[in-house]
Structures are given as structure tokens and as C-alpha cells.
Peer 1: 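Here you go, one structure.
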There are 2 protein chains.
Amino acid sequence: MPIPVESFFIDRTSSVPLQVQLQRQIITGVTEGRLRPGDALPSSRRMAAHLGVARVTVVQAYAELAATDYLDSLPRSGHRISDRIERRIDPPAVAPGVQHFDWQRKIDGRFARSARTDRVTDWRQYRFPFVYGQVDPELVDHAAWRDCAVRALGRREFASLTADLYNEDDPELIDYIARHILPRRGIRARPAEILLTLGAQNGLWMAAEVLLGRGGRCAVEDPCYPGLREILAQTRAEVVALPVDAHGLPPEAIPAGVAAIFTTASHQCPTSSTMPLDRRRALLDCASRQGFAVIEDDYEFEMCFAGAPSPALKAMDVAGAVIYVGSFSKSVFPGLRMGYMVADPAFIAEARALRGLVMRHPPGMLQRTLAHFLSLGHYDAQMNRMRRIYAERRAVMAQAITENGLIRANGGAGGSSFWMSLEAGKDSRILAQALRAQGVLIEPGTPFFAREQDGAGFYRLAYSSIAAPLIEEGVARIRAALT
Amino acid sequence: MPIPVESFFIDRTSSVPLQVQLQRQIITGVTEGRLRPGDALPSSRRMAAHLGVARVTVVQAYAELAATDYLDSLPRSGHRISDRIERRIDPPAVAPGVQHFDWQRKIDGRFARSARTDRVTDWRQYRFPFVYGQVDPELVDHAAWRDCAVRALGRREFASLTADLYNEDDPELIDYIARHILPRRGIRARPAEILLTLGAQNGLWMAAEVLLGRGGRCAVEDPCYPGLREILAQTRAEVVALPVDAHGLPPEAIPAGVAAIFTTASHQCPTSSTMPLDRRRALLDCASRQGFAVIEDDYEFEMCFAGAPSPALKAMDVAGAVIYVGSFSKSVFPGLRMGYMVADPAFIAEARALRGLVMRHPPGMLQRTLAHFLSLGHYDAQMNRMRRIYAERRAVMAQAITENGLIRANGGAGGSSFWMSLEAGKDSRILAQALRAQGVLIEPGTPFFAREQDGAGFYRLAYSSIAAPLIEEGVARIRAALT
């Protein structure tokens with residue numbers, strides 16, 4: 001690769017001769033590994049013009065470095081970094097003798113402390129990855145997504161994508177969400193009530209920051225999505241964990257004085273239970289009476305297979321107390337990082353201002369590509385295909401679970417995972433650890449609970465990333481590890 | 001457009017007959033404008049199966065709606081929404097008689113309060129847009145960007161893009177930044193010292209949040225980038241504004257007890273001055289002595305036209321006190337929303353955890369597309385072309401400014417704008433307002449200053465979005481408005 005001439009500098013106030021300065025820069029680059037064997041140096045003419053030095057200075061510097069094996073001099077193709085010098089991979093961060101800036105005194109570490117450590121990034125290396133939230137790339141309509149990207153990057157549309165959009169969202173995408181996605185959840189919303197987010201994580205974070213960034217009290221389901229607990233841990237809010245039962249969050253357990261409740265009413269995370277209608281009414285009544293906001297994370301609504309379609313909590317929200325958080329991570333693909341919030345215009349205006357401060361706006365190229373993917377019908381087609389395949393996998397898995405005598409903790413009507421129990425005395429962390437050596441990835445229940453220990457008797461088995469033919473053997477291996 | 005069957009729901013606990021429920025849902029959709037003339041309803045067979053009702057119920061509902069002009073019944077193509085009903089565009093946000101949730105009590109409005117209001121989003125409508133931070137789409141290598149997107153979306157690479165990356169960055173992109181971009185600024189960095197951001201705004205925000213999120217004291221240049229003041233306004237930090245002179249920030253003016261200093265050393269925003277070497281040394285000495293972090297916003301380094309190339313402040317930072325914030329907004333395109341930070345690994349680890357909480361990671365598709373754009377040489381080519389064209393525009397503009405007797409306030413060696421003065425007693429806000437009617441957009445100096453009034457005598461003229469042939473007339477119109 002050619003080394004850009006702009007990476008070389010001369011300090012004219014220094015007493016070090018110009019030729020030596022240049023030699024030192026090249027040597028440092030090589031020993032630190034930035035300049036690699038085969039990389040081509042700029043011609044002596046170009047380098048001399050760039051640095052404003054005589055050409056002979058550069059010629060001599062190159063000649064000396066060739067003599068000391070740093071450079072190879074090739075007839076008619078100039079100088080390249082030689083492979084005869086052993087390079088250090090890891091340069092020292094600080095020059096010797098200099099006192100290093102004391103970052104520990106500046107950083108309280110609250111973000112790193114609240115970050116999850118349980119995620120397995122190399123899940124693809126496992127033969128039986130029962131991991132949640134990732135997707136089998138075979139289920140994504142890759143060709144359609146690429147076509148939509150090409151369309152979004154067409155000459156006519158490109159001009160609007162290159163611009164700094166300040167705080168605006170793509171009106172076509174917002175219109176599609178309002179007219180075609182939200183109605184499936186029974187939600188009616190105008191554009192001023194919708195905000196694009198960088199995935200559901202970003203929506204939950206903004207809700208927490210707006211409502212609890214300066215402290216206050218809130219309640220979450222226990223167990224709940226660990227990413228939510230992570231978000232709340234670094235606010236100044238007091239977090240009350242409310243144990244869920246087979247019907248989700250019991251509204252009568254909500255303590256006084258909370259400013260916000262976070263719930264996964266339609267599909268409790270991770271237990272998969274669905275909150276019945278009367279509980280939903282009671283929750284909304286309670287919100288009106290006590291004056292708390294309800295943040296509804298409707299993270300997986302597309303994957304409901306059985307039973308009558310049930311609208312979102314937000315659909316019943318006549319008072320406007322619900323902040324709805326939706327995502328395309330499950331239905332398009334997780335790496336997309338696009339989602340949306342639906343709430344009262346007063347809240348949306350404040351969240352929009354926060355988003356502007358933090359990142360301006362979600363990238364225009366993604367907004368437009370997604371708008372095409374939705375409006376050309378690829379989203380519907382992909383969702384139908386995913387639903388079909390997930391239903392098949394779910395059936396295979398349900399049977400394998402029964403046949404192997406594993407214990408289901410809760411029976412939700414859909415989603416992409418099963419919530420499982422262990423016999424008393426077993427610990428899912430130890431089980432997960434043992435299974436890794438067998439090529440099987442499961443998720444222990446501990447990260448979902450306010451008190452980790454409460455989750456030791458549970459684990460989650462997801463089927464979004466594992467193909468149906470592998471499920472039986474994977475489940476059998478779990479059984480084998482348990483006996 | 002076909003209306004998805006999933007947008008219809010039935011409440012079996014309600015005393016309202018099923019047929020009436022369905023009719024009401026369609027009527028509400030039409031009157032609220034969600035269902036539009038020509039939209040096709042699902043077939044009665046499909047709808048009946050979805051709702052779990054007798055087909056005759058749906059047939060009767062459709063027939064009644066056709067009789068009341070809501071639907072058109074078309075032979076062999078089912079039912080469509082009719083255009084004979086006048087629809088309300090704006091549905092009521094709240095059902096009548098319901099007390100609305102009191103959002104004003106929940107939201108303190110600190111984000112909306114600190115948001116900028118001076119941005120002109122319809123700048124493309126103006127013939128002479130001397131606006132900063134947008135780009136002439138003609139300068140972006142649109143075809144190359146699209147090729148890179150297609151390459152990033154190739155089947156082989158797509159699998160890795162679809163995944164939730166948790167906290168990781170694309171290693172190829174990080175490697176390219178470390179080996180080819182940072183060396184041009186004299187900066188050496190290892191991967192653990194680099195973090196991708198969603199643009200420079202995101203980098204500045206993360207630095208502020210990590211260092212000042214819980215309060216403290218900091219200093220900014222006066223004038224400075226208004227987006228930075230916006231970010232700091234919503235932290236709990238006390239912000240000290242330090243007036244800059246022709247050489248940027250004077251280190252001797254830094255008060256005691258600051259935790260962080262924000263500077264645009266190489267190219268002061270908005271005055272375009274460059275901080276000389278001795279001041280840089282004094283600033284870094286002061287940082288070591290007083291123990292404050294220096295956040296260097298190197299927002300426009302690619303656009304340096306004249307003089308010897310000067311390395312970044314970070315290049316001299318042997319103690320590791322500098323947090324460097326870089327961006328691709330100026331050199332690729334503003335709507336991209338990609339940038340990076342370079343700092344001590346302790347800081348980067350904390351910022352990475354914060355980024356994970358807020359949004360997980362920048363979208364994989366953009367990371368990979370950008371990595372290709374850089375490594376295939378398009379970035380260098382585009383930058384060289386931009387530099388050539390900006391230099392030409394700058395020359396045309398400098399001449400027009402001189403010929404029209406306008407006053408330059410400061411003479412920087414590059415960038416994409418001129419910082420201008422007015423004669424005493426004139427107000428740039430009034431001038432900007434008057435010029436809009438003439439098709440000319442300029443930026444008044446007021447948003448850049450801690451005390452708005454201090455900027456009334458200044459304005460900024462940028463040339464990144466206006467073609468050279470239009471510059472002369474635009475400048476002449478400014479002169480005309482001044483006399």
C-alpha cells in the first residue's frame with residue numbers, strides 16, 4: 001500500500017537535521033508496525049516538495065535507510081519498506097520518563113461498571129448456538145436489502161442522503177411506520193409522535209435519560225432485559241425490581257412515587273408471558289392515577305405465532321402515558337441499528353433534542369434503504385418467512401425438549417426462545433460453562449435478575465440463530481450435560 | 001397499497017358486535033387519514049381467517065361500508081378505500097373526555113432548551129447558500145460510494161454485518177484509521193486507543209458525558225462551535241468561556257480547577273486561526289500541571305491548503321492527556337454520521353461502555369462501506385478533488401471579498417469558510433435576515449459566542465455548498481445589502 005505523503009512532518013524549530021528527522025519518522029513507523037513490509041514510500045521528488053526541503057535531503061535519507069535494511073530500493077519503482085527488520089507490534093503508549101496523565105482520577109468508571117460482560121461475541125464458532133438476539137443470515141433477504149441500498153444510493157436520492165439532516169427523520173420512513181407498522185399493533189400515531197432511534201437500546205436509553213437522568217424512582221420487571229438494567233444503573237434513579245408471574249407484571253405491586261415503569265407487556269423478556277387485558281387496563285389506570293410514564297418495549301411483536309393477535313399496550317393508551325419502543329433488529333437484522341419510539345409529542349420533542357445532542361440523527365443512508373425495504377414489500381415477505389421458519393424450529397425444539405425431559409418454565413405464544421427451568425440445586429452458569437466444551441451455547445438466567453442468584457435455576461434457549469436440523473442434537477447434549 | 005391484515009383486531013370481551021368493530025376500525029382509519037383512497041383491503045376470506053370470525057361477518061361489514069361510500073367494491077379485485085369521503089388529516093391525540101397525561105411535570109425540557117434553533121434546513125432552496133457543514137453533492141464521489149456499499153453488502157461479508165456487534169468496531173476500519181489517517185496528523189495509536197463514533201458531535205458528547213456528566217468545571221473557546229455549547233449546557237458542568245485571539249486559545253487564561261478544556265487548535269472554529277507551536281506546548285504543560293484533559297476537535301484537518309502541514313495537538317501529547325475527535329463528515333459527506341476518537345485506553349474503555357449503553361455500536365453496514373471507501377483509495381481521491389475545488393472557490397471568494405470591500409476578521413490557512421467582520425453598529429442577524437429575501441444565506445456570528453451580542457459584529461461565509469461561478473454575485477449581494 002502506498003504511504004501517504006501527508007503522514008510526514010518536519011519540525012523547523014528543532015535542532016535535529018532535516019534528513020535525520022525524516023529517517024527517524026520512517027524508522028519509528030516501521031518498528032511500531034504502522035509501516036509494513038512492502039508499503040511504498042512517496043517518491044523523493046514528491047516528499048521533498050511536500051516537506052519543503054531539498055530533494056537531495058530525501059534521497060540521502062532513503063539511501064541511508066536502504067543501507068541499514070529498513071528500505072528496499074527497487075529499480076524504477078522507488079523505495080518500499082523492507083521485510084528484513086523485525087518489527088515491534090505493540091508500541092509504548094508513552095515516551096519513557098514522562099509522567100502519564102492520571103485518567104483514573106478523571107473517570108469514575110460508572111459506564112464500564114454497568115456494562116454487560118456475559119455476551120459471547122464468537123457465537124458463530126459454536127455448532128449449537130442457542131443464543132438470543134442474533135440472526136441466522138440465511139433468513140435475511142440479502143439480495144433485496146442490497147437492491148434497496150443501491151436504490152437509496154441512486155443519483156437522484158443521494159443528494160439528500162449526503163446532507164446533515166440536523167434533527168429531521170426521513171418522512172417516507174416515518175409515514176410507512178405510521179401507516180403500515182403501527183396499525184398492526186393497534187397504534188395510531190402522527191409524525192410528531194414518532195422518532196427514529198438507533199435500535200431499541202437507543203430508545204430505552206433516551207426514555208431513561210429524559211425521565212430519570214436527574215434521578216427519581218422507577219420500576220422494572222424482574223427478571224428483565226439486562227441491557228435495560230445496565231442503562232438504569234448509570235442514571236441516578238432508584239430502581240425497584242418487581243417480580244413477574246405467569247401473566248407478567250402485577251400492577252398492584254407497583255410502589256408509590258415511581259416516575260416510570262418499564263414493561264414488556266406483550267411478550268415478557270425473558271419469560272415470554274403475555275399480560276392479559278385486565279392487567280393492562282389496571283396498569284394504565286394506575287399510571288393515570290399515580291402519574292407515572294409506562295415504557296413499553298415491544299421488542300419482538302413480529303414473531304407471534306399462535307393465538308389471536310393482541311394489540312400493544314400503547315393501543316389502549318387513551319391518556320397518552322405510554323412510550324412505545326419498537327425495533328427492526330429482530331425483523332430486518334440486528335446489525336442494522338434502527339428502531340423507533342412512539343409517544344406524546346411533548347416527550348418526542350424532548351427526546352429529539354437529546355438525540356440531536358448525542359448524534360444529530362440516524363444515518364440517512366440507512367433510513368432511506370430501510371424505507372425502500374419496507375415499502376417494496378421485502379419487510380413483509382421476510383417477516384412471513386421468518387415466522388414460518390421460527391414456527392418450524394419452535395415445533396422441533398418443543399418436541400426435543402419434551403423428549404429429553406427438559407423443563408419449560410413458561411409457555412409464551414411466540415418469540416424466538418424458550419425460558420427453561422432447572423431442577424433444584426442446579427446452577428445454569430455451571431451448566432452453560434460445561435456445555436461450551438460440547439459446542440453448545442445457552443444463556444444462563446442470572447443476568448436477567450436483579451439478584452443474580454435468583455436466575456441460577458433458569459436458562460434461555462433461543463432458536464433464531466440455529467437451523468432446525470441441529471436443534472435435536474443440541475438439546476440432547478444439554479440433557480446429557482444435566483445427567 | 002394493500003392494507004396488511006395484521007392491522008385489524010377484534011376485542012372478544014367487548015359487547016360491540018364483531019361486524020361493527022370491524023366497520024369502526026376501517027372508518028376510523030379513513031377519517032384519520034391512515035387508510036387512503038385506493039388502498040386495498042384484505043379479501044374477506046383472508047380477513048375472516050385472521051380475525052377468527054365467520055366470513056359472512058366480514059362480507060357484511062364490507063357491504064355496509066360500500067353502501068355508506070367508505071369503500072369501492074370492484075369486480076374481481078375486492079374492496080378499496082373510496083375517494084368519496086373527506087378525511088381529517090389530523091386525528092385527535094386523545095379521546096374526548098379523557099384526562100391527558102401531564103408530560104410537562106415529567107420533562108424538565110433541558111435538552112430542548114439547549115438545542116440550536118439557528119439552522120436553516122431548506123438551504124438548498126437558496127441560490128447563494130454560504131452555509132457551513134453541508135456539502136455540494138457534486139463533490140462527493142457518488143458512484144464510488146455506491147460501489148463500496150455494494151461490495152460491503154456482498155454475500156460473503158453480509159453475514160458479519162447483520163450481527164449485533166455488541167461493543168466491537170470493524171477491525172479493518174480501525175486499522176486503516178490507525179495506519180493511514182492518524183499518521184497524517186502525526187498521531188500514533190493502537191486499536192485500543194481508537195473508538196468509532198456517530199460523527200464528531202457524538203465524540204464531543206461522549207467526552208463531555210464521561211468527564212463532566214456528574215458536574216465539574218470546564219473551559220471552551222469563545223467563540224466556539226455552537227453544538228459544543230449545546231452539549232455542555234445540558235451537563236451539570238460549569239462552563240468558562242475563554243476569548244480567543246489571532247492565535248487561538250491563550251493557555252495563560254485557563255482558570256484553576258477545570259477538569260477539561262475543549263479546543264480547535266489546528267483550525268479554530270469559527271475564526272480559522274491556527275495555534276502556534278509554543279502555545280500548544282504551553283497548553284499541554286498546563287494540562288499536565290493542573291491535571292485537566294484536553295479535547296481536541298480536529299474537525300476539518302483535510303482542508304488545509306497553504307503553509308507547511310502542521311500536526312495535531314494530539315501528536316505532541318506524550319503524557320496522554322489529549323482526547324482527539326475526528327470526523328468523516330467534511331471529507332466523505334455530512335449525512336454519513338461517522339467519526340472517531342483517539343485517547344488513552346482507560347478513557348476509550350469508558351467511552352466504549354457509554355456508547356454500548358446508548359446505541360450498542362455504529363451500524364455495521366456503514367463501517368464496512370467506509371472501510372472499503374478508504375482502503376480502495378476513494379477517500380484520498382475525493383479529498384484531493386475537494387481540496388482543489390475548495391482552493392479555487394476560496395480564491396474566487398477572497399477576490400470577491402476584496403473587490404466588494406468586505407472585511408475579513410481573521411486569516412486562516414484553509415478550511416471551508418471565511419470569518420468576517422462588520423462595521424461598528426451593524427448587526428449580522430439583521431443582515432442575514434435581509435439577505436434571505438435576496439436568495440443569500442449567511443451565518444450570523446451570534447450563535448458562536450457565549451454572550452450572543454458579542455457576535456453581532458461577525459458572520460461566517462462558507463464555500464462548501466456553493467459553486468464557484470455563483471460566489472461573485474452572492475458576495476456582491478452582501479455588499480449591496482450593507483450599503
Side-chain angles (χ1 to χ4, degrees), chain A residues 4 6-7 9 34 52 94-95 98 100-101 103 106-107 111-112 115 119 121 133-135 137 140 142 146 149 153 158-159 161-164 166 179 183-184 186 198 201-202 205 230-231 293 311 318-321 333-335 337 344 346-347 349-350 353-354 356-360 363-364 366, chain B residues 4 6-7 9 34 94-95 98 100-101 103 106-107 111-112 115 119 121 133-135 137 140 142 146 149 153 158-159 161-164 166 179 183-184 186 198-199 201-202 205 230-231 293 311 318-321 333-335 337 344 346-347 349-350 353-354 356-360 363-364 366:
Chain A
E6 292 91 347
S7 36
F9 300 93
R34 271 183 298 115
V94 169
V98 171
H100 196 268
F101 191 78
W103 282 100
K106 293 283 160 204
I107 298 175
F111 301 119
R119 286 178 178 133
T121 51
Q134 295 290 4
V135 75
V140 179
H142 161 255
R146 189 162 61 168
L153 293 171
F158 191 63
L161 299 192
T162 56
D164 185 335
Y166 305 123
R179 298 216 300 136
R184 295 172 203 215
L198 229 75
Q201 176 96 18
N202 187 227
W205 179 82
E230 204 182 312
I231 286 169
V318 285
F333 52 83
R337 311 305 317 133
D344 186 274
F347 173 85
E350 182 71 353
L354 170 60
L357 284 174
V358 171
M359 65 168 96
R360 294 264 173 96
L366 291 183
Chain B
E6 292 89 349
S7 36
F9 300 93
R34 271 183 299 114
V94 169
V98 171
H100 196 271
F101 191 78
W103 281 100
K106 293 281 159 205
I107 297 175
F111 301 119
R119 286 177 179 136
T121 51
Q134 296 289 3
V135 73
V140 179
H142 161 253
R146 190 163 59 169
L153 293 172
F158 192 63
L161 299 193
T162 56
D164 185 332
Y166 305 124
R179 299 219 298 137
R184 295 170 203 215
L198 229 76
Q201 175 97 19
N202 188 228
W205 179 81
E230 206 182 311
I231 286 168
V318 284
F333 52 83
R337 310 306 317 130
D344 186 275
F347 173 86
E350 182 72 351
L354 170 60
L357 284 175
V358 171
M359 64 168 94
R360 296 265 172 98
L366 291 182

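Letters go in sequence order (proteins before strands), and every chain restarts at 1. Remember, it's a predicted structure, so these values are computed and weren't measured experimentally.
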Peer 1: What part of B:Leu354 lies closer than 4.5 angstrom to a heavy atom of chain A: side chain, backbone, both or neither?
Peer 2: both
Peer 1: First locate atom CG of A:Leu366, then atom CZ of B:Arg337, and finally report the distance between them rounded to the nearest 0.5 Å.
Peer 2: 12.5 Å
Peer 1: Mind ranking A:Val140, A:Ile231, A:Leu198 by heavy-atom pairs under 4.5 Å with chain B and telling me who comes out on top?
Peer 2: A:Leu198
Peer 1: At their closest point, which heavy atom of A:Trp103 faces which heavy atom of B:Gly320, and how far apart are they?
Peer 2: NE1-O, 2.8 Å
Peer 1: Return the orientation label for the A:Trp205 and B:Trp205 ring planes: parallel under 30°, perpendicular over 60°, tilted otherwise.
Peer 2: perpendicular
Peer 1: Name the region of B:Ile107, side chain, backbone, both or neither, that has any atom closer than 4.5 Å to a heavy atom of chain A.
Peer 2: side chain
Peer 1: Top residue by heavy-atom pair count (under 4.5 Å) with chain B, among A:Gly52, A:Ala353, A:Ala346, A:Gly356?
Peer 2: A:Ala353
Peer 1: Restricting to non-hydrogen atoms, name the atom on B:Phe101 and the atom on A:Ala321 that form the minimum distance, rounded to 0.1 Å.
Peer 2: CD1-CB, 3.4 Å
Peer 1: If you look at every heavy atom in A:Asn202 and B:Val358, which pair is closest and at what distance?
Peer 2: ND2-O, 2.8 Å
Peer 1: Looking at A:Gln201 and B:Met359, would you say the former's side chain and the latter's main chain have a donor-acceptor pair under 3.5 Å?
Peer 2: no
Peer 1: Can you sort out the partners of B:Phe111 under ring pair (Phe, Tyr, Trp, His ring centres under 6.0 Å), two or more places apart, ordered by chain and number?
Peer 2: none
